[in-house]
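One structure below.
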Number of protein chains: 2
Amino acid sequence: MAEVEDVRREMRRALTMISGKWKLEILWLLYQRTYRFGELRREIPQVTPHMLTKQLRELEGDGLVTRKVYAEVPPRVEYTLTDEARTLKPAFESLLAWATSWDSVRG
Amino acid sequence: MAEVEDVRREMRRALTMISGKWKLEILWLLYQRTYRFGELRREIPQVTPHMLTKQLRELEGDGLVTRKVYAEVPPRVEYTLTDEARTLKPAFESLLAWATSWDSVRG
DNA sequence: CGGGATCCTATGCGATACTG
DNA sequence: CAGTATCGCATAGGATCCCG
């Protein structure tokens, strides 16, 4: 039986997992298909390699993204969502629905 | 018709609105009833007056919370959720459901 | 191609003290 | 009771250069 404090802690953790500056964009793209590092860079032009790496490593550490390295020349690295990340989608869309509807009320 | 970039921007804004360190706790409490400043302090013992004020002002600025001042001695200030904040609840719970279910998978 | 290393800035957060 | 003012630290984020 979940205590109220546990609930708040879980919520905080969930938000932290998706609250990095570029994580939303990354997740959004990966919902559609697997991406390579360079492809993500092109889709999100403002992000530096440094930051993109950092965000991807955090997502990976949180179990939302899988990193697959191919032993090729030139090197190839692919990023894919985990099943856990895919089960997030309804919440994602629920939050989005709220964000946009609320916006339309305000103008 | 919403552009992809607008969508991402709205999502980012929505997350920012609820991503302060104590905002989750505050919203959580205000879903149940109206609270006074001092009551919130007692419910969230770790928060300083400074931070509580800051978070409440941000929530107010984002249209999630209403601040009502009573011209009494001693002063009384009550915080209540707006309708916009109440329509957030489904997304809130959807995210919570994901957070807890995902946690149970991992152990 | 897909990063890592280094250095720097901006912001969030907190401790402490004071006030109408 | 319900805040405000000031200071300082920690972390997030970013610019630039370098590398297997």
Side-chain angles (χ1 to χ4, degrees), chain A residues 8-9 11-30 33-62 64-81, chain B residues 8-9 11-30 33-62 64-81:
Chain A
R8 296 190 213 169
R9 218 190 56 243
M11 272 294 281
R12 180 174 303 290
R13 199 168 59 85
L15 281 179
T16 302
M17 287 168 62
I18 59 177
S19 284
K21 176 117 179 231
W22 307 104
K23 289 185 185 175
L24 241 46
E25 275 83 347
I26 294 169
L27 291 174
W28 191 267
L29 290 167
L30 293 185
R33 66 171 173 90
T34 294
Y35 273 85
R36 297 179 58 173
F37 188 86
E39 290 179 324
L40 289 173
R41 280 196 70 183
R42 275 189 295 281
E43 291 288 339
I44 315 172
Q46 309 98 312
V47 77
T48 61
H50 179 72
M51 279 311 297
L52 183 55
T53 300
K54 204 178 159 204
Q55 304 274 296
L56 283 168
R57 289 290 190 280
E58 287 179 13
L59 288 170
E60 194 190 358
D62 286 331
L64 293 182
V65 162
T66 302
R67 179 172 178 265
K68 185 163 185 180
V69 183
Y70 294 86
E72 303 174 355
V73 179
R76 178 161 58 106
V77 178
E78 287 184 353
Y79 292 92
T80 313
L81 289 189
Chain B
R8 295 190 213 169
R9 219 190 54 243
M11 271 296 279
R12 180 172 304 290
R13 200 168 58 85
L15 281 179
T16 301
M17 287 169 63
I18 59 177
S19 285
K21 176 116 179 233
W22 307 105
K23 289 185 185 175
L24 244 43
E25 275 84 347
I26 294 169
L27 291 174
W28 192 268
L29 290 167
L30 293 185
R33 66 171 173 91
T34 294
Y35 273 86
R36 297 179 59 173
F37 188 85
E39 289 179 324
L40 289 173
R41 280 195 70 184
R42 275 189 293 282
E43 291 288 338
I44 315 171
Q46 309 98 311
V47 77
T48 61
H50 179 73
M51 280 310 299
L52 183 54
T53 299
K54 203 179 160 208
Q55 304 273 298
L56 284 167
R57 289 289 192 282
E58 287 179 15
L59 288 171
E60 193 191 358
D62 286 332
L64 293 182
V65 161
T66 302
R67 179 171 177 267
K68 184 163 186 182
V69 182
Y70 294 86
E72 302 175 356
V73 179
R76 179 162 57 108
V77 179
E78 286 184 351
Y79 292 92
T80 313
L81 289 190

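For the numbers below, each heavy atom of this structure counts, side chains included, while hydrogens, waters and symmetry mates do not. Residue numbering restarts at 1 for every chain, and letters A, B, ... go by the order of the sequence lines.
Shortest non-hydrogen contact noted between A:Leu30 and A:Tyr79 is CD2-O, 3.4 Å.
Of all nucleotides in DNA chain C, those with any atom nearer than 4.0 Å to a heavy atom of chain A start and finish, going 5' to 3', at C:dC1 to C:dT6. You can see that DNA chain D meets the heavy atoms of chain B within a 4.0 Å-exclusive cut from D:dC1 to D:dT6, reading 5' to 3'.
Separation of atoms OH (B:Tyr35) and CZ (B:Arg42) is listed at 10.5 Å; rounding is to 0.5 Å. Rounding to the nearest 0.5 angstrom, the gap separating the CG atom in A:Leu56 from the CG atom in A:Leu64 is 11.0 Å. Note: B:Thr16 OG1 to B:Arg9 CZ = 12.0 Å, rounded to the nearest 0.5 Å. Distance check: B:Arg41 CZ to B:Ile44 CD1 gives 11.0 Å after rounding to the nearest 0.5 Å.
Within residues 68-81 of chain B, the residues having any heavy atom under 4.0 Å from DNA chain C are, by residue number, B:Pro75. Within residues 34-44 of chain B, no residue approaches DNA chain C, by heavy-atom distance under 4.0 Å.
Helix-axis bend for the helix from C:dC1-D:dG20 to C:dG20-D:dC1: the local axis fitted to the five terminal pairs at one end deviates from that at the other end by 60°, rounded to 10°.
Between the side chain of B:Glu43 and the backbone N or O of B:Leu40 there is no donor-acceptor pair closer than 3.5 Å. Judged purely by atom type and a 3.5 angstrom limit, B:Glu78 has no side-chain atom pairing as donor or acceptor with the backbone of B:Arg67. B:Glu39 places a side-chain N or O within 3.5 Å of a backbone atom of B:Arg36 that can act as its donor or acceptor partner.
At least one side-chain heavy atom of B:Glu60 sits less than 4.5 Å from a side-chain heavy atom of B:Arg57. The shortest side-chain heavy-atom distance between B:Val65 and B:Thr80 does not fall under the 4.5 Å cut-off. Between A:Leu52 and A:Phe37 the shortest side-chain heavy-atom distance falls below 4.5 Å.
Each of B:Glu58 and B:His50 lies near DNA chain C, and the nucleotide nearest B:Glu58 is the one positioned closer to the 5' end. For the pair A:Trp22 and B:Leu56, both in contact range of DNA chain D, the more 5′-proximal nearest nucleotide belongs to B:Leu56.
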For residues 22-29 of chain B, please give each side-chain donor-acceptor pair under 3.5 Å, one per line with the distance, not counting sequence neighbours.
from: B:Lys23; atom 1: NZ; to: B:Glu58; atom 2: OE1; distance (Å): 2.8
from: B:Glu25; atom 1: OE1; to: A:Arg12; atom 2: NH2; distance (Å): 2.6
from: B:Glu25; atom 1: OE2; to: A:Arg12; atom 2: NH2; distance (Å): 3.2

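Backbone-only engagement by B:Gln55 is indicated by non-hydrogen atom pairs under 4.0 Å involving sugar-phosphate atoms exclusively.
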